[in-house]
Amino acid sequence: MKKISYSLNISILLGSSLLIAIVLIGLFAPLFSPHDPLAVNLSNRLTFPSWNYPFGTDHLGRCILSRIIYGIRVSVACAFLIMIFTFAISLPIGFLTGYWRGRTDHLIMRSIDGILAIPEFVLTITIVGLLGPGFFNMMIAITMVRWTNYVRLIRSLVLKSCEEDYIRSARMSGNSHLRIMKRYVFPDVFPSLFVFGALDMGKIVLLMAGLSFLGLGTQPPTPEWGVMLHDATAYFQIAPHVMIFPGLAILFFVLGCQLISERYRKLNSAPLKEVNDEDNIHKSYIKC
């Protein structure tokens with residue numbers, strides 16, 4: 001049991017440290033960036049990593065390391081804003097449908113099932129195609145697609161929480177519906193929402209990078225990881241570092257989100273599993 005707890009703590013520490021380091025580097029980008037991310041120097045185009053350019057330069061002679069660092073501000077900040085907008089839409093709908101149920105719940109959930117039947121990436125591309133490529137249109141499209149997953153999750157968590165005995169006791173004690181949701185239901189569903197949100201941050205960054213790679217998201221010359229991958233496709237064979245380093249930046253951010261969400265989920269489920277194991281041992285002892 002101590003080994004399991006130790007491994008969980010190490011994973012959470014690694015994931016948290018990785019994400020905190022990425023965010024801090026993005027916040028203090030001017031301090032860590034060796035060059036201007038938008039400065040063009042054609043005499044140094046497609047140079048390999050060196051002391052002056054640790055990650056090399058791209059096809060326009062721009063410092064890849066500087067563009068990755070400033071790309072943190074665009075990618076991570078955009079993903080965080082999308083997460084806030086998604087929660088602002090899905091939390092009220094999920095709580096109302098899960099708590100009161102009824103015909104409105106049935107209508108909303110059937111509509112969400114219809115939306116979820118369409119592949120997420122295809123639907124996002126369709127919305128961006130209708131709105132037009134661009135940073136803000138990409139945020140709107142991703143938010144319009146992602147909120148359905150959160151509503152479905154929040155509704156299921158609220159339904160499960162409302163079946164607990166302490167919720168029934170709170171109702172019998174005369175507590176208002178708003179107080180029950182705020183005082184009892186929300187604290188119960190928050191850990192699961194945290195795990196899902198931490199994992200979804202990585203998915204949002206991947207989705208943003210995919211849209212920018214296709215030319216539908218952030219537009220050049222903005223330093224963004226997906227834009228850097230898009231610009232590097234024509235030069236990958238002669239200068240592979242142009243695509244490798246932005247890809248590694250996406251990999252490390254998604255890995256940090258994955259470590260936190262997965263290990264936090266296991267950490268929360270460990271006490272419940274331990275209780276269930278003790279109950280099973282106790283029942284087997286009684287039968288004997």
Side-chain angles (χ1 to χ4, degrees), residues 19 21-42 44-47 49 53-86 121 124-146 201-236 239-254 256-257:
L19 289 183
I22 292 174
V23 172
L24 288 178
I25 291 174
L27 288 176
F28 300 99
L31 298 178
F32 293 98
S33 177
H35 301 278
D36 184 355
L38 300 178
V40 176
N41 187 0
L42 296 178
N44 289 327
R45 63 189 303 267
L46 299 178
T47 58
Y53 296 96
F55 287 179
T57 60
D58 61 5
H59 62 291
L60 296 178
R62 297 172 297 191
C63 178
I64 295 178
L65 176 59
S66 300
R67 291 181 63 79
I68 290 177
I69 292 175
Y70 275 89
I72 298 174
R73 292 184 169 185
V74 179
S75 299
V76 178
C78 181
F80 187 72
L81 288 176
I82 291 174
M83 184 72 63
I84 293 177
F85 295 149
T86 303
F121 196 67
T124 307
I125 291 176
T126 303
I127 296 175
V128 174
L130 294 174
L131 297 176
F135 178 77
F136 293 103
N137 290 340
M138 176 184 65
M139 291 180 58
I140 295 173
I142 296 176
T143 304
M144 292 176 64
V145 173
R146 294 302 300 166
M201 281 284 290
K203 292 182 179 180
I204 292 175
V205 170
L206 281 176
L207 188 58
M208 290 169 48
L211 292 174
S212 298
F213 180 78
L214 295 175
L216 298 174
T218 308
Q219 300 298 305
T222 304
E224 195 265 340
W225 296 339
V227 173
M228 297 178 67
L229 291 176
H230 174 267
D231 294 339
T233 52
Y235 309 97
F236 180 70
H241 65 281
V242 180
M243 181 174 283
I244 290 175
F245 288 115
L248 288 177
I250 298 174
L251 173 64
F252 286 133
F253 182 81
V254 175
C257 295

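Values in this document were obtained by computation on a predicted structure and should not be read as measured data. For the numbers below, each heavy atom of this structure counts, side chains included, while hydrogens, waters and symmetry mates do not.
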Show me, pair by pair, the donor-acceptor contacts under 3.5 angstrom made by side chains of residues 78-86, not counting sequence neighbours?
unit_1: T86; atom_1: OG1; unit_2: I82; atom_2: O; d: 2.6

Could you tabulate the donor-acceptor pairs under 3.5 Å formed by side-chain atoms of residues 228-235, not counting sequence neighbours?
unit_1: T233; atom_1: OG1; unit_2: H230; atom_2: O; d: 3.0

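Across all non-hydrogen atoms, the minimal contact from A141 to V128 is CB-CG2, 3.3 Å. Across P37 and Y70, no two heavy atoms sit closer than the pair CG-CD1, 3.4 Å. Closest non-hydrogen pair, I140 versus L131, comes out as CG2-CD1, 3.9 Å. Among all heavy-atom pairs drawn from F28 and F32, the shortest one is O-CD1, 3.1 Å. Smallest separation of non-hydrogen atoms from I68 and P246: CD1-N, 3.8 Å. Across all non-hydrogen atoms, the minimal contact from L65 to P54 is CD2-CG, 3.7 Å.
Within the structure, the side-chain hydrogen bond (donor to acceptor under 3.5 Å, both in side chains) test picks out no pair touching residues 127-141 (sequence neighbours left out).
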(request) Starting from the C-alpha separation in whole Å, work towards a yes-or-no answer on side chain to side chain contact (heavy atoms under 4.5 Å, CB included) for V74 and V227. (result) CA-CA 11 Å; V74 179; V227 173; over 6 Å; no

(request) Given side chain to side chain contact (heavy atoms under 4.5 Å, CB included), test S66 with D36 step by step and report yes or no. (result) CA-CA 7 Å; S66 300; D36 184 355; over 6 Å; no

(request) Could you check M201 against F253 for side chain to side chain contact (heavy atoms under 4.5 Å, CB included), going step by step and ending with a plain yes or no? (result) CA-CA 9 Å; M201 281 284 290; F253 182 81; 4.1 Å; yes

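Annotation: side chain of V23 is not in contact with side chain of I72 (no heavy-atom distance under 4.5 Å). Residues F121 and L214 have side chains in contact (heavy-atom distance under 4.5 Å, counting atoms from C-beta outward).
Residues satisfying the side-chain hydrogen bond (donor to acceptor under 3.5 Å, both in side chains) test with S212, not counting sequence neighbours, are E224. Scored by the side-chain hydrogen bond (donor to acceptor under 3.5 Å, both in side chains) test, T143 finds no partners at all (sequence neighbours excluded). Qualifying side-chain hydrogen bond (donor to acceptor under 3.5 Å, both in side chains) partners for T218, counting only residues two or more places apart in sequence or in other chains: none.
The only member of T222, T57, D58 that meets side-chain contact (heavy atoms from CB on, under 4.5 Å) when paired with R67 is D58.
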